[in-house]
Structures are given as structure tokens and as C-alpha cells.
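Have a look at the structure below before the remarks.
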Amino acid sequence: MHNSIFVRKLNIWRTRNLREKQFVFILSILIGLIAGLGAVGLKTSVHYIESIFRESENLRKLNWHFLLLPGIGILLTVLFTRKIIKDEIGHGVTKILYAISKKGSKIKVHNTYSSIVACTFTGGFGGSVGMEAPILYTGAAIGSNIGQLFKLSYKTLTLLIACGVAGSLAAIFKAPITGLIFAFEVLMLDLTTSSIIPILMSTVTGAIVSSLLLGERIEFYFTLKDNFNFNAIPFYILLGGFTGMISLYFVRMNSFIEKIFSEVYNPYRKLIVGGLLVGVMIYFFPPLFGEGYTAMKSLLSGNSVELFSNSPFYKYYGDTWIFLLFLGTLIILKVIAMAVTTGSGGVGGVFAPSLFMGGFTGFAFVKTVNLLFPVFKLSESNFTLVGMAGLIAGVMQAPLTAIFLIAEITSANFFLSQTV
């Protein structure tokens, strides 16, 4: 009651003293602030829970608890959604687009927090999903509900949703330009000054909040040491075609597995089967645990031996061809593990799995070429990053987002070095 009176008085004051455009600028900063806090909260909680379960001190030690942890996380997620929220927790860009096109840009209040809680259970216990989609949907819900609170128009609500999405993505990667590009490229907003400024304000705010609370550390940061080699251009083209095929596999396999699980109506049967399947995959291939950023860091830093950490295949690390077979299997299984996790009741997205598969695809590609044609001496790090960009572009249908994301997480040096 008191809140509604306060909001009504605030509305009266702002209609008398502020134009709607000025008010949107203020709200965009507020949305960026809250979305940034949500992104930091989810990432911190998931990483904290993950650190409890990870045992990497002894690389040869088998982690038997990996067999059960994903199932426990999915169970907690299902109980939370069915017993507490009592509603389906949507996540992902498709849900945001659906809300914009079919729901008048209105998203339920519980989505401002429910996706974060559910994803913490799923991802923290090892579910092979990304945190980005739940964070983006949370940001969209924050923007929508703040706009609804002040009874703003559909057009303004849509803009505030874009502010929440862009601010959330900027906070995750500390990449404000990527957040801005993503909002226009994926949400397909009109590119005007009145929309660019508030979205940019939200992305900068989200990135600042994340930097203040987490420092300059980002998901994976890499400084390139290898210069661009013009002789490698044909291989970059080949890698582009290869990542396109992997993207097609990703999309179709994800849809196929989710369709299978959608035909099982008993939620607890789904979570038991799905939890066990994911657990078995992670037991044999530990890099599938969680988002996969730890594995990508090992790949980019040259510590590929860590990919075999706690795996039954550790003793085969020294064999180059078995190593490549191991990488290929990870590429094939990542999307399966992700789809099984979400299909059985877990909450998560495709962003991090796309980066994971792209990075491993680029690395496996260049490793194979260097083995077969050692005269070229192609840069492993450069091709790994190009693979990441290729999968994001193919899966998300967002090539500009892919370019700017990889550029920003490498201090904007990578793509500059490719064009100079």
C-alpha cells in the first residue's frame, strides 16, 4: 500500500518535472545497476558452489561424486520451480523475444530472481549449461517490471528490456560494446539515438558494477602473443566453414534431445534419467562440468594437461592422436550434456556451451593441421579464439556480437591484429 502511494507520487512528480526521454535515461542507469548486481550474484554463487565440489589437487584422482552431483542440482531446481515458484521458469533469448512480440513486453515479477536461484542449483552442481541466458532473462525482467511499475508505454518497456539484457551481458564479460551490439543485433531494435544512449548507459553501468565487485577479472582473459599470418587465411576460411557445420549440429542436436525429453511427462523420471546421463558424461569427461570456462582457460593458457584432470583417460594424455580424439569427443558431447541438463529440468543457456565448443573446435582444427602440415606453424591461440567467434555467430545468428565479444575479452587486440 505504502509502495503504491510512493510510486503514484513519484509518477506525478516525474510527469511534471521530467520528459519521458529524461526519465528513461535515469531508469537505464538503475536497470544497469540492478542487472549488474544480479549477474555478479549468480556468477559468484555458482563459482563458489563449484569450488566446493572440484578436487583438482590430484589430477589422477577420479571424482566419483560427479556421477550424482548434476542430478542433485537438477532435483533442487525442479523442486524450486514446482514447489516454490509454481511456474515454468523461462530462459533464453527466445523467451525475451516472445515477451516482446506476444506479451506486450511484460515479464512476470518472479523472473527478476527465479532464474538466478534455479540456475545456481543447476550450474553450481555441475549441470553442463551456461549462466548467460538466465542472467539475460533476469535483466529483461528487471527492465520490464520497472517499466510496468511506472506504467510506461509498450515502446518504452521494450527499450527498458533491451537495457536490462545489454547491461546483464556487459556485466558478465565486462564488455559494454558487446552488450550494446547484442541488443540491436539479436533483439532487433530500431537503431536510433533515443535507443542507443540509454542502452549504452545501461551497459556501462553494468560493466562498472561488475568491475567494482569482481575486479578486472573476467570469465576468460587472454592477451595475444602471435601476429597475424597471411598464409593462414585459407585455413581461417576452412575453419569458418567447419564451425558453421558444428553450429548446425549444435542447433539440431539441442532441438532433438529437448524434443525427446518433452515427450516424458513425469518430471521426476526426466530428472533421474537426465541427471544420471549428465553425471556419467562428466565422470569420463570432467571438462563438461558446469559452464566449461575453466577448461577454456586451460586451453588458451597452454595447460591442456588439465583437461584430463580427474579423468579415467588421464594416462593417455601423452598420445597426441588420443588427445585429439578426446577433444573431438568433448565437442560432440557438450551440446548433448547441455540439452540433457535443460531437458530434464535444469535451467541454463547455450552461450557458454557455444563458446566452449567453438574454442575446442578451433583448437582441434589447428592442432590437426599443424600435425599434418607442420610447415605452416599456425597459431593455436588465434584459431581457438576464431573458433569461439564462429560458433557464437552460427548458433546465436549474431556475427557482430561474436566479433566484438572476442575483441573485448582480448583487450580489443585480436581483431585489430588481424586487420593491420
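The structure presented is a predicted model; accordingly, all values stated were derived computationally and were not measured. Only heavy atoms go into these numbers, but all of them, side chains included; no hydrogens, no water, no symmetry mates. Residue numbers start at 1 and run along the sequence shown.
Shown are Val129, Val350, Ile257; of these, the side-chain contact (heavy atoms from CB on, under 4.5 Å) with Thr342 is made only by Val129.
Note that the CD1 atom of Ile89 and the CG atom of Asn111 stand 7.5 Å from one another [nearest 0.5 Å]. The CD1 atom of Ile72 lies 5.5 Å from the CG atom of Leu69; values are rounded to the nearest 0.5 Å. Atom CG in Leu330 sits 7.0 Å away from atom CG in Leu307 (nearest 0.5 Å). With values rounded to the nearest 0.5 angstrom, Ile199 atom CD1 is found 10.5 Å from Ile31 atom CD1. One distance of note links CD1 of Ile332 with CE of Met357; it measures 8.5 Å at 0.5 Å rounding. Atom CZ of Phe383 sits about 4.5 Å away from atom CG of Leu378, to the nearest 0.5 Å.
Lys155 meets the salt bridge (Lys or Arg N to Asp or Glu O under 4.0 Å) test with no other residue; sequence neighbours excluded. Applying the side-chain contact (heavy atoms from CB on, under 4.5 Å) criterion to Ile260, with sequence neighbours excluded, gives Phe256. With sequence neighbours excluded, the residues forming a side-chain hydrogen bond (donor to acceptor under 3.5 Å, both in side chains) with Asp87 are Lys108, His110, listed by chain and number. Shown here are the side-chain hydrogen bond (donor to acceptor under 3.5 Å, both in side chains) partners of Ser344, two or more places apart in sequence or in another chain: there are none. Remark: Phe376 pairs with Phe235 by the ring pair (Phe, Tyr, Trp, His ring centres under 6.0 Å) rule, at least two apart or across chains. By the side-chain contact (heavy atoms from CB on, under 4.5 Å) test, Ile29 pairs with Met201, Thr205, sequence neighbours left out. Applying the ring pair (Phe, Tyr, Trp, His ring centres under 6.0 Å) criterion to Phe360, with sequence neighbours excluded, gives Phe356. For Thr44, there are no side-chain hydrogen bond (donor to acceptor under 3.5 Å, both in side chains) partners two or more places apart in sequence or in a different chain.
Residues Ser28 and Pro198 come closest through the heavy atom pair CB-O, 3.3 Å. Across Tyr293 and Ala352, no two heavy atoms sit closer than the pair OH-CB, 3.6 Å. Considering all non-hydrogen atoms of both residues, Gly346 and Ile74 come closest at N-CG2, 3.9 Å. Of all the heavy atoms in Phe289 and Glu50, the pair that sits closest is CE2-CG, 3.7 Å. Summarising the geometry of Ile196 relative to Leu180, their closest heavy-atom pair is O-CD1, 4.1 Å, with the distance given to 0.1 Å. In terms of heavy-atom proximity, Glu291 sits nearest to Lys334 at O-NZ, 3.4 Å.
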Tell me which donor-acceptor pairs under 3.5 Å the side chains of residues 158-173 have, and how far apart each pair is, sequence neighbours excluded?
| unit_1 | atom_1 | unit_2 | atom_2 | d |
| --- | --- | --- | --- | --- |
| Thr158 | OG1 | Ser105 | OG | 2.7 |
| Thr158 | OG1 | Tyr154 | O | 2.9 |
| Ser168 | OG | Ile135 | O | 3.4 |
| Ser168 | OG | Gly164 | O | 2.7 |

Show every donor-acceptor pair shorter than 3.5 Å between a side-chain atom in residues 384-404 and any protein atom, with sequence neighbours excluded, or say none if there are none.
| unit_1 | atom_1 | unit_2 | atom_2 | d |
| --- | --- | --- | --- | --- |
| Thr384 | OG1 | Glu380 | O | 2.7 |
| Gln397 | NE2 | Gly394 | O | 2.8 |
| Thr401 | OG1 | Glu185 | OE1 | 2.8 |

What donor-acceptor contacts under 3.5 angstrom involve side-chain atoms of residues 116-123, with partners at least two apart or in another chain?
| unit_1 | atom_1 | unit_2 | atom_2 | d |
| --- | --- | --- | --- | --- |
| Thr120 | OG1 | Ser45 | OG | 3.2 |
| Thr120 | OG1 | Ile116 | O | 2.7 |
| Thr122 | OG1 | Thr77 | OG1 | 2.8 |
| Thr122 | OG1 | Ala118 | O | 3.2 |
| Thr122 | OG1 | Val347 | N | 3.0 |

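When only modelled atom types and interatomic distance are considered, Thr81 and Glu88 share no side-chain donor-acceptor pair under 3.5 Å.
Looking at heavy atoms from C-beta onward, Phe351 lies in side-chain contact with Leu405 at the 4.5 angstrom threshold. A 4.5 Å side-chain heavy-atom check between Leu239 and Thr243 finds at least one atom pair inside the cut-off. Put simply, the side chain of Leu37 reaches to within 4.5 Å of the side chain of Leu213, judged on heavy atoms. Under the 4.5 Å side-chain criterion, counting only non-hydrogen atoms from C-beta, Glu132 is in contact with Lys43. By the 4.5 Å heavy-atom criterion applied to side chains, Glu258 and Phe261 are not counted as neighbours. Residues Val46 and Phe125 fail the side-chain proximity criterion, which asks for heavy atoms closer than 4.5 Å. Between Ile34 and Val209, every side-chain heavy-atom pair lies at or beyond the 4.5 Å cut-off.
Panel note: side chain Ser128, backbone Ala337; no donor-acceptor pair is recorded below 3.5 Å. The backbone N or O of Leu152 sits nowhere less than 3.5 Å from a side-chain atom of Thr156 that would complete a donor-acceptor pair. Side chain of Glu408 to backbone of Lys174: no donor-acceptor contact under 3.5 angstrom is found. Using a distance-only test at 3.5 Å, with no hydrogens or angles considered, no donor-acceptor pair links the side chain of Asn254 to the main chain of Ala339.
Taking the six-membered ring where tryptophan is involved, the planes of Phe313 and Phe284 are tilted, since the angle between them lies from 30° to 60°.
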Show the numbers, then the answer: is there a side chain to side chain contact (heavy atoms under 4.5 Å, CB included) between Tyr268 and Leu79? CA-CA 10 Å; Tyr268 299 102; Leu79 291 175; 4.0 Å; yes
Could you go through the side chain to side chain contact (heavy atoms under 4.5 Å, CB included) check for Tyr137 and Ile107 one step at a time? CA-CA 9 Å; Tyr137 197 50; Ile107 301 175; 3.7 Å; yes
Take Val280 and Phe285 through the side chain to side chain contact (heavy atoms under 4.5 Å, CB included) test and state the conclusion after the steps. CA-CA 8 Å; Val280 169; Phe285 300 94; over 6 Å; no
With side chain to side chain contact (heavy atoms under 4.5 Å, CB included) as the test, would you mind laying out the steps for Leu136 and Phe182 before giving the verdict? CA-CA 11 Å; Leu136 295 181; Phe182 182 86; 3.9 Å; yes
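Residue pairs that meet the side chain to side chain donor-acceptor pair (under 3.5 Å) test with at least one member in residues 138-148, sequence neighbours left out, are Ser144-Gln148.
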